[in-house]
Amino acid sequence: MEKNQLKRGLSNRHIQLIALGGTIGVGLFYGSAATIKLAGPAILLSYLLGGAVIFMIMRALGEMAVADPVSGSFSAYANKYLGPFAGYLTGWTYWFNWIVVGMAEITVVGVYINHWFPEVPQWVSALAALVVITLINLINVKAYGEFEFWFALIKVVAIVCMIIAGFGIILFGIGNGGVPVGFGNLWENGGFVPNGVWGIFLSLVMVMFSFGGIEMIGLTAGEAQNPEKTIPSAINNVIWRVLIFYIGALGIIMVLYPWDEIGTAGSPFVLIFDKIGMPAAADIINFVVLTAALSAFNSGMYGTGRMLYSLADQGNGPSFFRQLSTSGVPARGVLFSASILLVAVFLNYIVPEKVFYYITSIATVAAVTSWTIILVTHMRFRKERSKEVGLFQMPFFPYSSYFALVALAAVVVAMAFIEGMAVAFIVAPVWFVLLFIGYRLNQK
């Protein structure tokens with residue numbers, strides 16, 4: 001049995017960047033223009049609200065992960081505290097979530113590659129990304145951690161540089177003839193909340209999609225060195241870092257450009273570096289966002305393999321996925337997930353212009369399902385351990401749990417009012433019915 005145990009090869013720096021890498025991806029670089037159109041400058045309030053919800057979810061997960069650091073994380077906890085079906089539903093839905101997000105990421109890879117090589121079909125780039133990332137994840141967990149560390153670091157440094165450059169333009173007029181731009185664009189052009197509370201409400205869908213992946217910290221618990229220290233540190237630090245990157249980056253963009261013009265004249269990230277006179281700004285930013293997409297996809301491939309391993313370990317998945325490679329990697333789960341992701345390559349071949357929005361809606365429902373079960377599982381966890389004092393307790397419990405659950409329900413309701421997201425309300429029920437049938441067959 002010992003050779004079938006995952007190896008603790010992830011250090012604190014790996015875990016910090018893995019969480020950031022899985023979160024800062026297409027939601028910021030590719031989906032931000034669409035989100036700004038919904039809420040205008042008030043999108044900053046949407047990210048504050050979304051960040052508060054995610055923080056509560058992560059603290060709930062972190063409390064359980066510190067008490068019981070196992071691979072599979074919240075699926076294993078749901079299995080233990082809510083019953084086998086909850087573990088089955090959570091694990092397979094989270095696996096499905098990352099499959100769908102992976103499809104979004106490799107779709108965007110194709111778009112970015114076309115910037116340099118417009119003659120290369122989008123599906124070819126998607127296939128190449130799938131092969132490379134799969135090979136990285138087959139080496140060992142430390143190799144995955146190193147690749148993810150550097151992938152994530154590139155985009156983090158780029159965002160920090162963009163924020164600094166933006167402040168230079170706003171306060172000192174660098175690249176603007178020495179004339180400070182000021183902050184007027186935040187309240188001009190219809191005000192700070194141009195589309196009212198309704199716009200903020202609708203924007204929460206893409207905001208929560210942007211935060212998808214942050215729960216990856218929980219999955220690393222089974223392979224983290226010193227999890228009782230690294231997990232709390234990663235959760236407490238990553239939340240404010242993500243808020244700074246999202247709110248800082250989007251705030252700078254909306255100060256520099258009228259919100260209703262963002263996305264109409266190319267990427268706002270390119271425009272900022274172009275304005276301060278950086279040569280080849282478009283190529284540099286294209287490289288950064290390509291790295292961001294590959295980083296998030298890398299995290300997703302890691303997550304799918306570990307979740308299949310955990311499901312097999314619980315008896316909620318084929319025992320085939322329980323076997324590890326000689327380097328301690330759940331290679332069978334990784335390869336199975338990669339084979340399913342070939343669907344994205346096919347979709348990029350037949351409907352490349354519609355893939356991203358279809359996938360976003362499905363991934364959001366899957367992520368909300370996983371987060372809801374994390375919160376409900378934690379409530380049962382607290383009930384069963386009411387006499388124990390946890391090392392990393394969720395603040396303001398149980399009110400924080402109720403707040404987060406209501407917010408997640410609001411996100412699902414908002415999706416019904418956004419054009420193109422109705423596909424999620426078709427796919428999700430079909431998926432849950434298939435899961436129930438699969439569970440019954442598995443029991444027999």
Side-chain angles (χ1 to χ4, degrees), residues 9-32 51 54 58 98 101-102 105-106 108-109 112-113 129 132-137 139-167 210-220 223-226 229-231 233-250 252-253 267 269-270 272-273 278 280-303:
L10 296 176
S11 66
N12 185 48
R13 71 180 177 89
H14 290 142
I15 291 171
Q16 296 276 359
L17 269 294
I18 285 168
L20 280 174
T23 306
I24 302 175
V26 294
L28 176 61
F29 291 109
Y30 193 75
S32 57
I54 287 295
M58 290 307 301
W98 269 115
V101 171
E105 302 293 353
I106 59 176
V108 174
V109 166
Y112 296 145
I113 291 294
V132 171
I133 297 300
T134 300
L135 291 175
I136 289 173
N137 276 270
I139 301 171
N140 57 45
V141 70
K142 192 170 183 181
Y144 154 74
E146 279 304 319
F147 272 97
E148 186 53 31
F149 178 84
W150 293 107
F151 273 157
L153 192 61
I154 289 171
K155 57 188 175 185
V156 167
V157 168
I159 294 172
V160 170
C161 289
M162 192 213 78
I163 291 172
I164 293 172
F167 271 117
S210 300
F211 284 125
I214 200 166
E215 70 289 326
M216 187 67 67
I217 296 173
L219 283 187
T220 63
E223 294 170 279
Q225 299 168 0
N226 228 352
K229 292 184 178 179
T230 56
I231 298 298
S233 172
I235 288 174
N236 284 335
N237 289 330
V238 83
I239 291 294
W240 66 262
R241 289 178 187 174
V242 167
L243 286 174
I244 286 174
F245 292 137
Y246 273 97
I247 293 177
L250 295 179
I252 290 292
I253 288 169
S267 165
F269 291 89
V270 173
I272 288 174
F273 285 114
M278 178 179 286
D283 289 330
I284 292 170
I285 294 301
N286 198 67
F287 171 73
V288 171
V289 292
L290 174 62
T291 305
L294 289 172
S295 164
F297 183 45
N298 192 31
S299 285
M301 189 62 78
Y302 169 87

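In this chain, residues are counted from 1 in sequence order.
When the options Val132, Thr134, Ile136 are evaluated for a side-chain contact (heavy atoms from CB on, under 4.5 Å) with Asn298, the one that passes is Ile136.
Between Gly166 and Ile252, the shortest heavy-atom contact is CA-CG2, 3.6 Å.
Counting heavy atoms from C-beta outward, Phe297 and Val109 have side chains that stay 4.5 Å or more apart. When side chains are defined from C-beta on, Leu290 counts as touching Leu294, because their heavy atoms get closer than 4.5 Å.
The closest donor-acceptor contact from the side chain of Ser295 to the backbone of Thr291 lies at 3.5 Å or more, if one exists at all.
The distance from the CD atom of Glu146 to the CZ atom of Phe151 is 12.0 Å, given to the nearest 0.5 Å.
Atom CZ of Phe147 has 12 or fewer neighbouring heavy atoms from other residues, nucleotides or ligands inside a 6.0 Å radius.
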